[in-house]
Each structure stands twice: as C-alpha cells, then as structure tokens.
Amino acid sequence: MTSVSTTTPGTDWEYAPSPESREIVTIQREYNLFIGGEFVPPASGEHFTTLNPATEEPLASVAQAGPADVDRAVASARKASEASWGRLPGRERAKYLYRIARAIQERAREFAVLESLDNGKPIKESRDVDVPLAAAHFFYHAGWADKLGYAGFGPDPRPLGVAGQVIPWNFPLLMAAWKLAPALATGNTCVLKPAETTPLTALLLAGVIAEAGLPPGAVNIITGDGSTGAGLVGHPGVDKVAFTGSTEVGKEIQAAVAGTGKRLTLELGGKAANVVFDDAPIDQAVEGIVNGIFFNQGHVCCAGSRLLLQESVADAVLDRLKRRLATLRLGDPLDKNTDIGAINSRPQLDKIEGLVAAGEAEGAQRWSPPCQLPARGYWFPPTVFSGVSQSHKIAREEIFGPVLSVLTFRTPEEAVAKANNTPYGLSAGVWTEKGSRILWMAQRLRAGVVWANTYNRFDPASPFGGYTESGFGREGGRAGLAAYLDA
Ligand code: TAP
C-alpha cells in the first residue's frame with residue numbers, strides 16, 4: 001500500500017513511497033497474559049484477534065483475561081506491594097524506571113512500527129511523538145521517585161497499594177506510560193488493561209519490564225475486552241483506579257467504585273474549542289488547526305474539534321486551511337510521508353460516518369480535499385464542516401475522527417461563551433498576537449489545558465486532565481503524583 005496525496009494527481013510533486021520496514025518487529029502468533037513477571041495462558045484458554053486497521057490483516061491472537069485471571073493479577077500485584085516493590089526505597093525504584101526509559105529509547109523503532117501496525121497511526125507520529133513521550137514519562141517519574149518527601153506531600157508520603165489501570169486505543173504505549181510511570185515511581189504496583197484493539201505495544205513493554213528485572217508482580221498486564229476492564233476496576237483488591245477512555249464508561253466506573261473507598265481518576269472525552277482571533281499569525285494558526293484535529297486521525301481526547309474563527313478572518317483562514325489540507329497525504333501508516341493513517345476500528349469508522357451524516361442532515365456544509373481512500377482497511381478523509389451552529393450534533397458530540405466543525409464569533413466574550421458551551425472541559429486553544437488576550441481567555445475558558453499559539457503539546461512535567469464530563473484528576477507533573485499517594 002502506498003500513501004496517496006490528496007492533491008489532484010499530476011498537478012503536483014509526488015513523493016516516492018518511503019515505507020519503514022516492518023522487519024524490525026517480530027510479532028508472535030499468540031500472546032499470553034503478563035502476570036507475576038511471566039507470560040501465562042489465560043485460565044479460560046480463550047484468545048481474540050488483533051488486526052492491522054490499515055489492511056484488516058490479522059496480526060496476532062491475544063489472551064482474553066477472565067475473572068480468574070484478574071484475581072491472579074491483583075493477587076500478584078498485592079504480593080509485590082507488600083513484599084517487594086512496595087518496600088523498595090525511592091532511589092531503588094528510580095533505577096528500574098530509568099532502565100525502562102532507556103530500553104524504550106533503544107527499541108524505539110520496534111515500538112513505533114508495532115504501534116503503527118496495531119493502531120493505524122502514521123509512523124512519523126508513533127516515531128516522533130508516542131514513543132519519545134513514553135520514554136520521557138519514565139525518565140521524568142524516575143527523577144521523582146527518590147524526592148517524594150520534598151514534593152509537598154509531607155515528609156513520608158505512602159503509596160496507595162494496588163492500582164487498577166484501564167487505557168484506550170488512541171495512544172496505546174503512551175497511555176500505558178502515563179499510567180505505569182507515576183504509579184511505580186510512587187511505590188504502587190499495577191495491573192494494566194490495554195484496549196482490545198491495540199494490545200501489542202503494552203505486551204512489548206511487558207517484555208521490557210521483565211528484562212529490566214522489576215520484582216515479579218510490580219507490573220501485570222492483562223489483555224481482554226470491556227468485561228476484563230470492568231472486572232479489574234470492580235475488584236475488591238484494587239486500591240486505586242485510573243481510567244482513560246470514554247465519558248460513558250467513565251460514568252459506569254464512577255458508579256461501580258462509589259462507596260468502596262477506592263481512589264479514582266478519570267481522563268475522559270472532550271470537544272475542545274480552538275479559537276482564532278483576527279490578529280493571529282494566520283499561517284501558524286492554520287498549522288495549529290491541522291495539528292489540532294488531524295493529528296492521530298483526530299483520535300485525540302483533547303483534539304481541537306471545534307474551530308472558532310473571528311468573523312473578519314473566517315473566509316481567509318478557511319481558504320488557507322483548505323489549501324493546506326489538499327497537501328496532506330493519506331495512506332500506508334508505515335510510509336514516512338504519510339500524514340493521515342487508518343481509523344483504528346470498524347466500530348469507530350461507523351461512529352464517525354454516523355456523526356458526519358448527522359452534520360449533513362442538519363444542514364452544515366461538508367468539504368474534503370480530493371482524496372482516494374485505500375480499498376481495504378478503515379479510512380476516512382480529512383473533513384471540514386462550515387456553517388455549523390451550536391445546536392448541531394457535530395458541534396456538541398465528540399466525533400473522535402478527522403472531522404472539524406467550524407463556527408464563527410465576533411467578540412472575545414462571544415468566543416468564550418461558545419467555547420464553554422459544552423459538557424466537556426479538557427482543553428482549548430487560543431491564537432492571537434496579544435499576550436493580555438491570551439491571559440484573559442485562559443482565565444475564562446473552562447478547560448484543564450489551554451494552549452496559546454500552539455496545540456497538542458505534551459510534556460510529562462505538565463499536568464493534564466479535565467473538568468466536568470472530561471473527568472477529574474491530573475496526570476503528569478507534581479499534581480499527577482498526588483493521585484497515587486496517600487498524603
Ligand atoms: P472506551 O470504550 O471507554 O474504552 C476505554 C478502555 O476501557 C478500553 O480498554 C476498554 O476495553 C475499557 N472498557 C470498556 N468498557 C469498560 C467497562 N465497563 N469497565 C471498565 N473498562 C471498560 O473508550 P475508547 O473507545 O477506547 O476511547 C475513546 C474515548 O477515550 C474517547 O471518548 C476519548 O476522548 C477518550 N480518551 C480520553 C483521554 C484523556 S487523557 N482524557 C485520552 C484518550 C482517550 P475495550 O477496548 O476492550 O473496549
């Protein structure tokens with residue numbers, strides 16, 4: 001498969017294909033569960049198949065953890081919490097975390113290729129964003145492990161015990177790092193459940209963790225579907241639940257955990273406003289808009305999926321945005337020239353198609369650059385809706401795909417009112433030349449993260465999380481440590 005430019009063929013320079021070799025990765029035919037420091041078969045003997053979403057080709061057969069396996073994993077984490085990992089001094093824990101971070105760097109290409117195969121994201125993103133950030137999270141938290149007594153949590157903050165962690169499919173390795181690194185740095189032990197459609201990089205990470213010599217049971221990785229996740233978060237042996245995923249499942253988890261005394265953090269969905277004022281540097285803003293919604297096919301909780309343009313520049317920005325979108329290349333995720341990869345699964349593609357149909361039915365104007373989609377696999381072209389009003393479904397619901405809804409505003413007050421007119425509160429973007437306006441906006445936008453003249457920037461030192469239906473708790477930075485400490 002090759003990447004196809006969205007420009008009209010023959011009218012522009014074409015890139016020669018530049019595929020990354022998949023030879024670097026050995027994908028096993030079958031994967032088991034990582035419990036107690038080793039790979040063990042599931043009690044039921046059941047496995048499911050994970051696919052390459054760009055080709056629909058089966059990649060591997062992966063263990064389905066049932067209740068007996070969840071029990072076994074939680075018991076193994078409890079044992080490590082009481083007898084080994086939970087008793088190590090911070091300076092010792094740090095050594096293991098540094099080792100994991102370095103191993104991710106050393107095996108970066110392997111992780112990146114595997115991530116692109118299992119998730120469908122372009123190799124340039126897995127190579128330049130997911131994998132380096134995953135390593136950075138382990139490095140950053142390794143630095144904290146021996147300094148917790150000086151972090152403002154009292155002289156001797158204690159770990160909570162066993163953390164049950166459930167993650168989604170959009171950043172499989174990175175979300176595993178976001179969960180495991182702070183939990184381990186603070187002396188907790190972990191049972192992690194990756195998403196059903198993207199378990200492979202978490203299992204590769206399990207191998208790295210085994211090689212790094214962590215005490216058995218400090219990290220357990222159990223694969224399975226939603227029932228495995230429900231079994232884990234509901235398990236009485238879990239002290240802390242950390243969940244990243246949809247608001248719908250987050251609410252179910254909150255109800256299941258209520259009254260149990262378990263600590264809970266939820267990182268859920270979003271419908272962020274990316275606000276462009278008339279004094280913004282337009283070319284930079286256009287790059288930020290593209291990065292905001294088309295990075296990772298829009299499968300990003302903090303995606304800038306609602307573009308708010310000041311009316312006086314709306315036409316000019318839209319024109320330039322469309323010209324820029326016509327240069328994006330959609331196709332083979334392993335091609336280093338690819339900008340837009342595959343949609344992660346058939347159900348996600350169905351959801352995007354359904355919401356886009358609703359946008360058209362409600363009267364918004366749909367536009368995509370000329371774009372040939374590959375015959376096999378799950379694909380959706382970059383799409384822009386203009387003429388969107390706040391009542392439209394595509395302005396209210398999270399699409400979680402490469403679809404941008406464009407609205408306009410006249411005054412800063414109107415921009416704030418429209419940006420905040422959402423049940424979510426995860427992120428927002430502001431584009432303007434005026435520093436004072438950035439501060440004015442940041443004080444009024446109800447979002448956990450506000451980016452100014454940039455978008456989708458992540459750093460392990462910077463806390464990330466939401467308000468209202470986007471969840472609660474923070475990941476990253478000192479604030480992220482608090483979620484794993486009894487302080
Ligand atoms: P979900 O369907 O919520 O799945 C997330 C994880 O929860 C998966 O591992 C899933 O397993 C598991 N799960 C499903 N039902 C469960 C249950 N009843 N109890 C416990 N676990 C359960 O979300 P998704 O479709 O994978 O991800 C997309 C959503 O995640 C979007 O709304 C997005 O905004 C949000 N998200 C948020 C963030 C942050 S940081 N706020 C980051 C990434 C994604 P299966 O995979 O087997 O279904």
Side-chain angles (χ1 to χ4, degrees), residues 48-51 62-65 70 118-119 121 130 133 137 164-179 191-200 202 221-235 238 241-257 262 264-272 295-305 343-352 355 397-401 422-427 447-449 456 458 462-476 480 483:
F48 61 91
T49 302
T50 184
L51 299 176
V62 179
Q64 167 71 37
V70 175
D118 203 19
N119 171 281
K121 64 176 71 201
D130 297 61
L133 271 177
H137 270 267
Q165 307 176 310
V166 179
I167 57 172
W169 44 262
N170 56 345
F171 293 94
L173 177 70
L174 184 57
M175 288 300 113
W178 278 33
K179 294 283 177 281
V191 181
L192 175 86
K193 191 205 90 73
E196 191 181 354
T197 57
T198 54
L200 296 186
I221 297 184
I222 54 171
T223 45
D225 59 14
S227 69
T228 310
L232 175 59
V233 301
H235 196 286
V238 165
V241 172
F243 172 77
T244 297
S246 61
T247 297
E248 190 190 351
V249 173
K251 286 180 179 175
E252 282 177 33
I253 291 177
Q254 190 168 15
V257 163
K262 290 177 193 174
L264 176 64
T265 42
L266 297 175
E267 301 281 2
L268 309 175
K271 189 74 187 174
F295 167 61
N296 203 32
Q297 293 72 247
H299 300 329
V300 183
C301 49
C302 49
S305 52
I343 300 302
N344 179 249
S345 65
R346 180 78 245 178
Q348 187 59 27
L349 182 55
D350 291 344
K351 181 183 165 193
I352 296 169
L355 282 163
E397 291 189 20
E398 186 181 43
I399 300 174
F400 222 57
T422 168
Y424 295 108
L426 190 56
S427 59
V449 180
N456 273 342
F458 305 97
S462 177
F464 184 90
Y467 294 104
T468 57
E469 303 247 323
S470 293
F472 48 79
R474 294 292 177 265
E475 294 189 294

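When a ligand or atom number is given, it counts from 1 through the structure's own listing order. For clarity, every value in this text was computed on a predicted model and none was experimentally measured.
Y424 places a side-chain heavy atom less than 4.5 Å from the side chain of T247. Counting heavy atoms from C-beta on, the side chains of V191 and H235 never come closer than 4.5 Å. Taking the side chain as every heavy atom from C-beta outward, T197 and P172 never approach each other to under 4.5 Å. In this structure, E267 and F472 have side chains that are not in contact, with every pair of non-hydrogen atoms separated by 4.5 Å or more. Residues V241 and L264 form a side-chain contact, since some pair of their non-hydrogen atoms from C-beta on lies under 4.5 Å apart. Side-chain contact between T228 and T223 is absent, with no heavy-atom pair separated by less than 4.5 Å.
Checking atom 3 (O) of ligand 1 against the protein gives a heavy-atom contact under 4.0 Å.
Counting atoms of ligand 1 from 1 in the listed order, those under 4.0 Å from a heavy atom of L426 are 41 (N). Atoms of ligand 1 found under 4.0 Å from any heavy atom of A195, numbered from 1 in the order shown, are 9 (O), 46 (O). Taking every non-hydrogen atom of E252 and a distance limit under 4.0 Å, the qualifying atoms of ligand 1 come out as 18 (N). Ligand-side atoms of ligand 1 in range of G224: 47 (O), range being under 4.0 angstrom from any heavy atom. Under a 4.0 Å criterion applied to the non-hydrogen atoms of P168, ligand 1 contributes the atoms 26 (O), 27 (O), 43 (C), 44 (C). Listed by number with element, the atoms of ligand 1 under 4.0 angstrom from any heavy atom of G229 are 19 (N), 20 (C), 21 (N). Proximity to I253 (heavy-atom distance under 4.0 Å) selects the following atoms of ligand 1: 20 (C). For ligand 1 and F464, the ligand atoms under 4.0 Å from any heavy atom of the residue are 40 (S).
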task: Decide yes or no on side-chain hydrogen bond (donor to acceptor under 3.5 Å, both in side chains) for K179 and T244, but give the supporting numbers first.
output: CA-CA 9 Å; K179 294 283 177 281; T244 297; 2.7 Å; yes

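With a 4.0 Å heavy-atom cut-off, ligand 1 is reached by the side chain of E398 but not by its N, CA, C or O. Both the backbone and the side chain of E196 come within 4.0 Å of ligand 1, counting heavy atoms alone. Looking at T228 against ligand 1, nothing comes within 4.0 Å, counting heavy atoms. Only side-chain heavy atoms of V166 come within less than 4.0 Å of ligand 1; its backbone N, CA, C and O stay farther off.
For the pair D130 (side chain) and L174 (backbone), a donor-acceptor distance under 3.5 Å is absent. A donor-acceptor pair under 3.5 Å is absent between the side-chain atoms of Q64 and the main chain of G224, judged by distance alone. No donor-acceptor pair closer than 3.5 Å links the side chain of R474 to the backbone N or O of S462. Of the possible polar contacts, one joining the E398 side chain to the G270 backbone as a donor-acceptor pair under 3.5 Å is found. Between the E252 side chain and the A230 main chain, no donor and acceptor come within less than 3.5 Å of each other. Side chain of H299 to main chain of N170: no donor-acceptor pair is present (N/O by atom type, distance under 3.5 Å, no hydrogens or angles).
The N/O atoms of G245, backbone and side chain alike, include one that comes under 3.5 Å of an N/O atom in ligand 1. Among the atoms of N170, none of the N or O lies under 3.5 angstrom from an N or O of ligand 1. Taking any N or O of S246, backbone or side chain, at least one lies under 3.5 Å from an N or O belonging to ligand 1. Close N/O approach between I167 and ligand 1 is found [any backbone or side-chain N/O within under 3.5 Å]. Close N/O approach between T247 and ligand 1 is not found [any backbone or side-chain N/O within under 3.5 Å]. Between E475 and ligand 1, a contact under 3.5 Å exists for no N or O pair.
What sits closest to atom 39 (C) of ligand 1 on the protein, heavy atoms only, is C301 SG, 3.0 Å. Of all protein heavy atoms, the one lying nearest to atom 16 (C) of ligand 1 is V249 CG1, 3.4 Å. Of all protein heavy atoms, the one closest to atom 11 (O) of ligand 1 is K193 NZ, 3.1 Å. Among all protein heavy atoms, the one lying closest to atom 24 (P) of ligand 1 is W169 NE1, 3.4 Å. Nearest protein heavy-atom contact of atom 37 (C) of ligand 1 is L268 O, 2.9 Å.
Of the options F400, F171, Y424, the smallest heavy-atom separation from atom 33 (C) of ligand 1 is shown by F400. Nearest-residue assignment for atom 5 (C) of ligand 1 (options V449, T244, N344; heavy-atom criterion): T244. Remark: among candidates S305, S427, G226, G234, the nearest residue to atom 15 (N) of ligand 1 is G226, based on non-hydrogen atoms.
Not less than 6.0 angstrom separates the ring centroid of W178 from the ring centroid of F171.
No side-chain donor-acceptor contact under 3.5 Å links T198 and N344.
Of all the heavy atoms in V249 and F243, the pair that sits closest is CG1-CZ, 3.5 Å.
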